[in-house]
Every structure is written in structure tokens, then in C-alpha cells.
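Structure record follows, encoded as C-alpha cells.
Numbers restart at 1 for each chain; the letters A, B, ... are given by sequence-line order, proteins then strands.
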There are 2 protein chains.
Amino acid sequence: MGATERDSYHHGDLRAALIEASESIIREEGVEGFTLRKAAKRAGVSPGAPSHHFKGTRGLLTAVAIRAFERLGAELAILPASGVPARNLRVQAEGYVTFAARNPGLFRLICRVDLIDCQDQDFREASFSALAHYRNAAAAYFGEDPPDRAARIFRPYLASAFATAHGLAHMILEGRPALLFDTPDPARTFIETTLPSVLLATWPDRHC
Amino acid sequence: MGATERDSYHHGDLRAALIEASESIIREEGVEGFTLRKAAKRAGVSPGAPSHHFKGTRGLLTAVAIRAFERLGAELAILPASGVPARNLRVQAEGYVTFAARNPGLFRLICRVDLIDCQDQDFREASFSALAHYRNAAAAYFGEDPPDRAARIFRPYLASAFATAHGLAHMILEGRPALLFDTPDPARTFIETTLPSVLLATWPDRHC
DNA sequence: GCATCAATCTGAACGTCATTTAGATTGATG
DNA sequence: CATCAATCTAAATGACGTTCAGATTGATGC
């Protein structure tokens, strides 16, 4: 549970262990509870060891953010797709917000551009790939071709398709639902009650 | 420019000076560049002095956040209002996003619930008051009575009215426009080109 | 005008943080 | 089996927030 036991002087796969440890810390204590020393301790190494595998704290957090985007992408990928574009877009948006609500630490991390190396190619690739299904659903709904990898990510219609869900996600993480509901899980209640009607108002379509 | 000169042992109005200094630092270097010691130095006092006026760093940042909400509220209050509800709502939303783009540090601060005492009554009051015009515009557009001070802030229609603008604001602060435009001020370009069409898609109304 | 008191500020300390460096350890190569 | 580069430790550095004893002073009561 605490520091990982280790028999040899070398760790074996410290890089992976640090990412794993960091993700756990962020899940348990949030991004603000994360420190490089904690991650090193949890992986069973000294505070200076991580520097051989990552460019400082930022490098490690960038790697964790990449994993977070991969998890988001995996969740969006398995959502059911119907023949109704509006419904598909709404399912993707709801999945996006649900991911943020269920993984507040990870979602906050991928939005903390001050903590991450946003120029990192793997990071940019991961952030692009994660939203593939969402993007396709939006393109189908708005009747446009989905942008390819070389094209700019955000077109006006895409901004529209992302902004509402992104805003709702942040509202949840900023604690708005707790002001509204006294249920055991206010965020869940928020998603189940407020969100569908919001998406309905944003992208009205009686075919859903 | 640097430390404020001081003739007497006592500062006179250190509380206000610390808030002023902190806001300047956050404007210049962002929230992540802020430290309590910097603020103390800029106000011309020792690192321990602020503790007599604020409950730690969080107390000071909460005071700065209150000021930030007041500035946001002041900007939204002077926006022109017409007889067309849809237009008024759109003007408020655009003002909201513009404030975020022009004051990235301050806007990030009021969203950093980990740095602020969100239970603070003055803070809650300020956050509520700042959005008065926005709320009224949304209520008029959706044909509902605006909620009074005692009522819960967010209803579904209000969440809808805020989510898109809030999401766009975060997208700007997360650097998305820089991926899109090569202009000297990508955020400005984003607002002037992408944003109106996004708001149009979100709240379609040919009376604007 | 003066003594007293509470508010305010300093200076130094403490523990934690990220990061760097010299040196110890060891897996891999020849 | 010797060599070498990769990996890790231990210690140090400087900045951070916070606390505390003591210095200073504005304000109050006389």
C-alpha cells in the first residue's frame, strides 16, 4: 500500500511505477495534493531518482496527463452509437462530463496547462486522439467532414460541440452541484437531472 | 514599482496593499506565479506580516477573488442592454468570455476552488452579485423569473446559459485559440470570429 | 501631556518542497 | 571477468508557508 518493496538496487521499471503512483495520488488527493517526493516515496525510491526518467515534475505530470487522456478516450470509445446523430453527440457529451465527475483529479490535471508541457508531441497526440469519437459525432451532427490529424482541431462547430460539455464539467468540479442538491452524490444528481435538459436546450432535436 | 516605501514602522493599510500587490502579481505572472512572500515584499513588509490580516495564503487569495468578481460584475453591468432578450444574453456571454480572455490570471483564480475559501460569506456574496445582469438576461430569454438571493443559484436553464460561456472561457485559457490562429492576439481573434457563431448555434435567434 | 495596552510588524526558525551534484551500485556489453 | 553507462542514494541549496518571541507604535484612558 505504501512504498513498494524492492530487492535490488535498481527498480526495474521506475518510469511506469512513478506514473502509476502519481495517478493514484492525484485520484486520492487531487492535483493540489501531489508532490514529486510523494510519488518517489510511493514508488520506493529517493526524491532524486525521478529526474533520470522525467524532465522534472512537469515531465512526470505530462506523462500522467497522457494516460488520463487515454482513459477518457477509452470511455468515450465504448459508448453506444445509434443511427441518430443528435443522440450520438449527446451521449458523447454526457460521457465527457461523466468522466470529469468520476475522475476529478485527472480531469483537473489535463486542464492545468501550467503544470503540463503542452508542446509535448505525445501529449498533443493523446489529447487529439481521446476526442476522436466526440469529434466524429459532432461532425455528423453538424453535417461536416471530421477534421483529419493535420488539420486544426477546433472549428466553430467543434467549439460549439465542446464548449457546453466542457463548461458543465468545470462547473461540476467547481462545486456548483453541491449548492443545488443535498443528495449523497450531488454531481451524479446534477448529471442525471440538470444535464440532459441542458443538452436538450443547447442542441435541440426531437429525434432523440 | 518594487517594494512600496514606508516611513513609519506600521504600514497604515497593509490589508489593502496586500490585496493590491497580489492582484498585480497574479495579473503579471498568473496564479501559479503568486507567492505570499512576493506579495509581502511588494507591499514592503516581512513575510510574517500578512498573517495579522488574513488567514494564511488562502485568506488573502479569497480577498483577491472577491475583488475579481467585483471587477467582472462591473464589466457586465455596463454592457448595453436592448429590448431583445436573445441579444442581451449573447452580449452578457460575450462579456463574460471577454473578461476571462483579458484577465486570465483573475479568471483562473476564481475557478481555483482549491486555493479559495468557498465557504466564505463575502466570497459567495460576491460570486452571486457579479452575475446579476447575466442571470437576469438569461431569465428574460428563457421566460422565467430570476432567482432571488435566497434561492439556489443554478437552475437547469441557468446552467445552460452559463455552461457554454464558461466552457469557452476555459478553452481560451487552456490555449486552444493559439492552435487555431497565427494572429498577434489569438484569443481576441477567437472571440471575434469563432465565438459569435458558437453563441449563434447555441442560442439561435434571428432577432439578434 | 503621559502612561498603558493592544495592534502591528520584524527577524529568525521550522518543516516541506523541487532540483542539482557527487558518489555508490549494478545490469549489460565485450 | 573487466568495463562502462545507466540508475539510484544522500546531501545540499534555495524558496516556500507558517509560527513565535520580541520590538515598535497608534490609540485609549487619565
Give the rounded distance in Å between these two atoms: NZ of K38(A) and P of dT16(C). 12 Å
Provide, to the nearest angstrom, the distance between the CG atom belonging to L60(A) and the C1' atom belonging to dC17(C). 15 Å
Calculate the interatomic distance between L61(A) atom CG and dA18(C) atom C1'; express it in whole Å. 12 Å
Cation-pi check, R135(A) onto F128(A) ring (under 6.0 Å, within 45° of axis): yes
For residues 51-60 of chain B, which residue pairs pass the side chain to side chain donor-acceptor pair (under 3.5 Å) check, not counting sequence neighbours? none
Can you list the residues that meet the side chain to side chain donor-acceptor pair (under 3.5 Å) rule with N88(B), with sequence neighbours excluded? S82(B)
With sequence neighbours excluded, residues passing side chain to side chain donor-acceptor pair (under 3.5 Å) with E28(B): R42(B)
Which residues share a ring-ring contact (aromatic ring centres under 6.0 Å, His included) with F54(A), sequence neighbours left out: none
I'd like to check the side chain to side chain donor-acceptor pair (under 3.5 Å) partners of D114(A); sequence neighbours left out, ordered by chain and number. R112(A)
DNA chain D contacts made by residues 47-59 of chain B, counting heavy atoms under 4.0 Å: P47(B), G48(B), G56(B), T57(B)
Applying side chain to side chain donor-acceptor pair (under 3.5 Å) as the test, list every pair that has at least one member in residues 68-78 of chain B; sequence neighbours left out. E23(B)-R71(B)
Just jot down the salt bridge (Lys or Arg N to Asp or Glu O under 4.0 Å) partners of E20(A), sequence neighbours excluded, or say none. R67(A)
Counting a pair only when it is Watson-Crick or G-U and both distances are under 3.5 Å, which runs of at least 3 such pairs involve DNA chain C? C:1-30 with D:1-30
Hey, can you pull the residues of residues 12-37 of chain B with a non-hydrogen atom under 4.0 angstrom from DNA chain C? L14(B)
What side chain to side chain donor-acceptor pair (under 3.5 Å) pairs are there with at least one residue in residues 91-101 of chain B, not counting sequence neighbours? Y96(B)-H166(B)
Sequence neighbours left out, what passes side chain to side chain donor-acceptor pair (under 3.5 Å) with N103(B)? Give chain and number order. R27(B)
